[in-house]
Amino acid sequence: MEIVLLLALLLLLFFVALWLKVHHYRSSNVEAVASPASRALAELVAVAGGIYLSLVLLVSFLKINLPEVITIGRVQVDPLAIVALLVAFLQPVFFNLWPRFKGR
């Protein structure tokens with residue numbers, strides 16, 4: 001019985017300490033710092049979104065008939081979204097290699 005009371009008291013102290021630490025962090029003016037991975041992912045999504053919108057406008061302007069979805073394995077995706085993601089992934093590689101080919 002004494003062990004149960006001791007464990008309950010330790011658990012209560014743990015939760016009080018955790019609550020105080022959370023309260024301290026919420027009340028302080030500490031700002032979250034974005035990691036390089038989160039910034040890169042946000043930039044990738046922004047670039048792919050812009051490319052996707054451009055492709056949608058181009059396809060609708062030229063009245064090109066595309067399938068609504070394509071199936072890759074078990075996943076059904078929008079073909080324009082896949083193209084936009086591929087272009088967004090390949091864009092940095094292209095811009096890195098372009099000066100080398102241009103200089104020749």
Side-chain angles (χ1 to χ4, degrees):
M1 184 70 177
E2 295 162 356
I3 293 179
V4 173
L5 281 174
L6 182 64
L7 288 176
L9 182 63
L10 285 175
L11 189 63
L12 179 67
L13 286 174
F14 173 74
F15 281 121
V16 168
L18 185 65
W19 180 80
L20 287 173
K21 187 171 277 207
V22 168
H23 181 69
H24 172 71
Y25 283 128
R26 285 184 181 168
S27 64
S28 65
N29 291 331
V30 176
E31 293 185 23
V33 177
S35 69
S38 67
R39 286 188 299 224
L41 185 61
E43 187 175 330
L44 175 70
V45 169
V47 170
I51 293 170
Y52 178 77
L53 289 176
S54 299
L55 288 173
V56 167
L57 289 173
L58 181 67
V59 166
S60 67
F61 178 74
L62 297 176
K63 295 185 180 15
I64 299 173
N65 291 328
L66 291 176
E68 291 289 323
V69 293
I70 57 173
T71 303
I72 301 174
R74 296 181 187 176
V75 180
Q76 292 184 342
V77 293
D78 183 5
L80 291 179
I82 293 296
V83 171
L85 278 174
L86 286 175
V87 170
F89 276 125
L90 295 177
Q91 180 186 14
V93 175
F94 175 75
F95 283 133
N96 196 10
L97 294 177
W98 178 253
R100 294 180 187 168
F101 289 124
K102 189 177 177 184
R104 288 186 180 191

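- Residues F15 and W19 place their aromatic rings such that the two centres sit no closer than 6.0 Å.
- Rounding to the nearest 0.5 Å places CD1 of I82 at 12.0 Å from CG of L55.
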(Q) Could you walk me through whether L80 and V59 satisfy the side-chain contact (heavy atoms from CB on, under 4.5 Å) test, starting with their C-alpha distance in whole Å, then the side-chain angles of each, then the deciding distance to 0.1 Å, before giving a yes or no? (A) CA-CA 9 Å; L80 291 179; V59 166; 4.0 Å; yes
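- Under the 4.5 Å side-chain contact rule for hydrophobic residues, I64 and F61 share a cluster.
- In the hydrophobic cluster analysis, where Ile, Leu, Val, Met, Phe, Trp and Tyr join through side-chain heavy atoms closer than 4.5 angstrom, I72 is grouped together with L86.
- In L7, the CG atom is crowded: over 12 heavy atoms of neighbouring residues, nucleotides or ligands sit closer than 6.0 Å.
- Other residues, nucleotides and ligands contribute more than 12 heavy atoms inside 6.0 Å of the CD atom of Q91.
- Contact of the Y52 side chain with the V83 side chain is not registered, since no non-hydrogen atoms from C-beta on lie closer than 4.5 Å.
- Hydrophobic clustering of Ile, Leu, Val, Met, Phe, Trp and Tyr side chains at less than 4.5 Å, counting indirect connections, keeps V77 apart from L90.
- Note: the hydrophobic cluster containing I51 does not contain L85 (ILVMFWY, side chain heavy atoms under 4.5 Å, direct or indirect links).
- Note that CZ of R39 is 15.0 Å distant from CG of L44, once rounded to the nearest 0.5 Å.
- You'll find the side chain of I70 reaches within 4.5 Å of the side chain of P67, heavy atoms only.
- Taking CG from L53 and CG from L58, the interatomic distance works out to 12.5 Å, rounded to the nearest 0.5 Å.
- In the hydrophobic clustering of ILVMFWY residues, with side-chain heavy atoms under 4.5 Å counting as a link, L62 and V56 come out together.
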